[in-house]
Amino acid sequence: MAWELTIEEKDLEDNAPSMENDDAGNSFSPLRHSRSNSFEADELNPPAPKSRRVTVEDVADEGEVVDDGEVVGGGGRYFKQCSDGGWALREGKTEFERYRKYKEGMAAREEWGLAEWLVKSLGQTRTDEFLKLPIKVDELPHGATWSCKKISIQGNKTDEKGEPLHEDVELWMRNPVECIKDLIGNPLFKDQMVYTPARAYTDSAGLHRVIDDMWTADWWCDMQKKVPEGATIAPIILATDKTSLSQFRGDKTAYPVQTSARATVLIGYLPSGKLDCFTPDERSLANYRLFHHCMSLLLQPLVAAGEDGVEMVCADALIRRVYPILAAYVADFPEQCLVACCKENRCPKCVVAADERGDPLDSPMRDPAVIKGILEKRKTGHHPAEFEEFGLRTVYAPFWANLPHSNIFLAFTPDLLHQLHKGIFKDHLVKWCLDIVGEEEMDARFKAMPDYPSLRHFKKGISMVKQWTGTEHKEMQRVFVGLLAGAVPSQVLVVARALLDFSYYAQLRVHSTESLNGLESALAIFHANKDVLQQLDIRDHFNIPKLHQLSHYVQSILLFGATDGFNSELPECLHIDFAKEAYRASNKRDYEEQMALWLQRQEAVFLRGSYLNWLLEQSQSAPTNFTRDRGYDSDSDSEMEGPDTVPTPAYPQRSVQHLVTAHGASMFLPALKLFLRNHIPHAIITPGLQDRFDVFRQVVITAPPNPLISESPRQWRVRATPEVLPGRGRKPGSPAKFDMALTSNGIQPRTLEGMRVGQVRVIFTLPRQFGTYSRALAYIEWFTPLREPDRSSGLHQLSRSTRRLHRNAAVIHVDEIARPCHLIPRMGQAVDRGWTSANVYESASDFYLNSFIDLDTFCMSAID
């Protein structure tokens with residue numbers, strides 16, 4: 001249960017309670033069990049492997065959206081309670097139970113549904129008109145109440161009378177403790193709540209520790225010892241990020257503060273005035289001081305609550321004494337420096353010298369008490385040497401100074417979006433490599449990249465992309481190492497591989513000693529080889545703030561858990577809800593007040609809708625079979641639930657000649673004959689040109705979740721679709737898509753060992769003349785076994801396998817296909833300009849297995 005409070009340039013986000021509600025102590029907690037489906041089995045029809053489900057589907061190959069929501073369960077965890085905490089004092093009533101007494105005059109659910117839609121869809125003026133109707137949305141219970149505090153700022157400029165100029169600004173805020181009460185007492189979060197920390201292990205002896213959510217990391221365990229026995233800690237995650245509200249004018253801004261995703265609650269809008277009452281040379285410092293003053297006002301209730309605790313009704317209807325304590329702070333680098341009261345040429349976490357940030361040093365962390373003492377000395381007229389040494393600013397009253405049990409400098413968490421995806425990768429690594437390779441060659445390599453389900457193809461290269469987002473950065477990373485091979489010196493390739501390794505390790509949702517060692521090793525390899533960029537006159541120095549921040553990742557993960565809970569992508573996405581949508585609903589005048597009212601109404605309708613759903617669940621007396629595996633049932637043996645569920649083939653009754661010409665299955669008949677001899681040895685009929693086969697577009701593979709990556713079952717597609725020529729009029733054609741796949745005869749593999757790569761060209765079923773054989777088949781063309789990884793790129797090399805001057809092909813069961821894979825052609829120093837995404841698999845002869853195509857493949861190749 002970690003509460004994330006975000007600030008949209010004042011946005012408090014509350015990362016709702018995390019983890020299963022398991023009893024702490026030396027208890028065993030099984031993870032989700034996998035389920036598998038297979039085709040019907042008989043004596044000649046052996047069952048499919050039971051660790052994954054493979055089906056053929058006749059669905060159109062529409063726009064592909066990356067779905068990284070994949071989870072692989074299995075095994076169990078052992079938990080050791082850190083210390084006594086989370087004690088219940090007595091029973092209480094949740095907000096929903098108290099809601100029963102409320103009479104709002106909306107008896108009909110249909111009436112409520114209309115009201116909910118209108119409030120969410122209308123602008124401010126229309127909403128005000130609608131609310132004059134009998135449905136009184138403004139009378140509904142809602143979250144913590146908003147209030148406005150006027151702040152008068154005296155500048156250092158004077159008017160014509162010599163009087164100091166003033167500027168009045170507004171701070172819109174609500175009590176963060178009340179917001180935490182709303183969150184911790186919401187019955188919707190009951191199954192996700194954890195009230196006491198524990199250490200998690202994969203073995204009963206406690207030798208192999210794993211860290212994922214905050215309650216399994218060190219900070220919470222350490223903090224539990226500092227509060228009274230039995231106390232419940234509510235870790236607060238603050239997030240701030242100033243955002244522009246108007247699309248075409250830059251003078252409309254908001255500075256939100258949040259707490260997390262329907263567990264994320266906005267607690268304030270910081271003022272973002274121009275401060276024209278100050279001279280330009282003083283305006284920046286005045287903004288620093290205004291920020292800290294407003295944050296102090298906003299977070300003041302956390303001081304007493306963090307020291308003495310507050311009784312709160314929790315989601316399980318039990319009352320606990322809760323200590324809300326600032327644990328983590330999500331912000332980009334400039335805002336981290338703003339919060340830390342330091343200059344932007346310094347690290348906001350440690351005291352490394354400004355000109356040593358590019359070196360792999362282990363500098364001491366900043367100490368809140370020490371920094372506070374230095375600032376107090378400076379305020380009283382002293383000039384301590386550490387003030388300049390630590391790069392501080394004259395902000396004498398930082399908002400974090402009096403927050404109990406908090407260390408603001410440790411609280412700054414890794415920022416995958418700005419530090420890795422946009423910063424190290426796009427702003428630095430890509431630029432370095434472009435300087436070496438050149439734009440034309442780099443674009444040609446991206447254009448020639450083979451297709452893969454869900455992979456974005458940069459059809460025009462990357463030099464023409466004007467608007468970059470985190471999505472584009474991630475898509476480039478998926479192919480960047482293999483794309484560079486041959487185009488840059490080997491040592492530069494080692495640098496690129498090291499930074500991409502670091503990025504992928506950092507994205508894991510569960511960490512172990514091995515993954516944390518992988519992070520440190522990748523960073524060490526980068527530092528050991530980075531000098532090549534200076535030798536090539538690409539860089540003069542490496543005093544790069546975002547590069548230095550990587551040195552703090554392992555410490556942050558050990559303290560607070562996996563980085564996915566602290567990524568600034570979430571606060572930036574919430575700008576749409578907390579700022580941009582709220583602003584658009586206003587009349588653009590005095591918009592802060594209207595934005596607060598709009599958000600209050602949104603919370604009210606959400607709370608009402610959630611209550612009605614909760615009430616419906618409470619009224620159902622019969623128990624409901626419910627699994628958390630999103631329908632992934634380990635006891636199901638067959639994808640076919642009845643005789644009518646057999647999918648209709650996309651291409652029924654296709655001739656052998658069609659498979660040879662349209663699918664390129666030149667060895668189809670010899671491969672099928674060999675398959676029949678091995679699997680149906682008593683078959684009388686020999687396949688020939690006269691036979692026809694039902695052919696499918698793709699194989700869909702569903703596998704158990706991989707806990708390192710996600711909590712959802714993994715699903716992949718392997719396509720085998722021939723070229724479609726352009727139709728009449730404007731109907732476009734589409735190139736052939738014969739995907740590469742990893743095959744395995746065993747259970748879903750965890751590593752690449754024993755795996756073989758092949759290109760799937762036909763997915764089909766046997767016609768009836770060959771007997772009853774219900775398992776679908778695939779015609780596949782083999783590649784050579786994976787060779788040892790290349791020393792520079794770290795990628796396995798392979799090439800097409802041939803036999804007697806023909807491609808080595810076979811017919812296999814589709815359930816032997818473990819998952820799709822992606823190959824990148826060895827392009828050499830200059831890529832063949834005749835290669836395209838559509839023809840490169842046929843044109844190239846040597847390839848790399850792309851281990852960066854997704855996190856799952858990366859784990860298979862990098863983590864034992």
Side-chain angles (χ1 to χ4, degrees), residues 32-40 47-59 61-62 64-74 451-455 629-634 636-641 645-647 650 695-706 708-721 737-752 754-765 774-780 811-823 849-850 853-860:
R32 299 167 178 69
H33 291 288
S34 64
R35 98 178 143 151
S36 61
N37 286 20
S38 66
F39 292 90
E40 191 175 324
K50 291 195 59 134
S51 66
R52 62 180 182 272
R53 177 179 9 130
V54 185
T55 61
V56 291
E57 289 193 6
D58 176 31
V59 296
D61 190 18
E62 298 174 352
E64 300 158 352
V65 180
V66 181
D67 183 8
D68 251 353
E70 319 161 357
V71 191
V72 188
D451 187 42
Y452 179 84
S454 81
L455 176 67
D629 294 335
R630 301 185 186 179
Y632 199 81
D633 179 9
S634 61
S636 177
D637 288 326
S638 175
E639 176 65 12
M640 315 268 188
E641 310 236 346
T645 61
V646 179
V695 178
F696 298 84
R697 283 193 175 98
Q698 63 183 0
V699 172
V700 176
I701 303 164
T702 304
N706 183 345
L708 296 176
I709 300 168
S710 172
E711 291 184 349
S712 305
R714 295 170 291 175
Q715 189 172 89
W716 301 291
R717 291 182 298 137
V718 178
R719 305 162 300 177
T721 57
K737 294 175 181 176
F738 301 115
D739 288 335
M740 301 294 172
L742 291 171
T743 63
S744 170
N745 290 323
I747 62 173
Q748 186 69 24
R750 296 183 66 248
T751 69
L752 293 174
M755 302 289 285
R756 189 155 185 195
V757 176
Q759 186 175 26
V760 179
R761 287 193 170 272
V762 186
I763 302 164
F764 66 101
T765 54
S774 61
R775 292 172 71 182
L777 306 175
Y779 171 85
I780 191 168
V811 170
I812 65 173
H813 297 108
V814 294
D815 45 58
E816 294 176 53
I817 299 174
R819 54 151 301 151
C821 65
H822 186 239
L823 303 185
L849 175 64
N850 183 11
I853 191 62
D854 56 35
L855 273 173
D856 197 79
T857 307
F858 176 79
C859 291
M860 291 177 67

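Only this structure's heavy atoms are used, side chains among them; waters, hydrogens and symmetry mates stay out.
- The closest donor-acceptor contact from the side chain of R756 to the backbone of L742 lies at 3.5 Å or more, if one exists at all.
- Counting only heavy atoms from C-beta outward, the side chains of D856 and I709 approach each other to under 4.5 Å.
- Classification of D854 and R819 as a salt-bridged pair holds, one side-chain N sitting under 4.0 Å from a carboxylate O.
- Among the candidates L455, L849, D739, T857, the single residue satisfying the side chain to side chain contact (heavy atoms under 4.5 Å, CB included) test with H822 is L455.
- Closest non-hydrogen pair, V811 versus F764, comes out as CG1-CZ, 3.9 Å.
- Pairing each heavy atom of T702 with each of P713, the nearest pair is CG2-CB, 4.3 Å.
- Atom CG of D815 is separated from atom CD1 of I701 by 10.0 Å, given to the nearest 0.5 angstrom.
- Contacts of Y779 classified as ring-ring contact (aromatic ring centres under 6.0 Å, His included), with partners at least two apart in sequence or in another chain: F668.
- At a threshold of 4.5 Å between non-hydrogen side-chain atoms, the residues I780 and E816 do not count as touching.
- Taking every heavy atom of both residues into account, P704 and R714 meet most closely at O-NE, 2.8 Å.
- Taking CD of Q698 as the reference point, atom CD1 of I763 lies at 7.5 Å (rounded to 0.5 Å).
- Scored by the side-chain contact (heavy atoms from CB on, under 4.5 Å) test, A741 finds V718, V760, I817 as partners (sequence neighbours excluded).
- Here the side chains of V700 and Q715 are in contact, with some heavy-atom distance below 4.5 Å.
- Scanning all heavy atoms of the two residues, the minimum distance from M755 to S744 falls at SD-CB, 3.7 Å.
- Rounding to the nearest 0.5 Å gives a distance of 10.5 Å between CG of L823 and OH of Y452.
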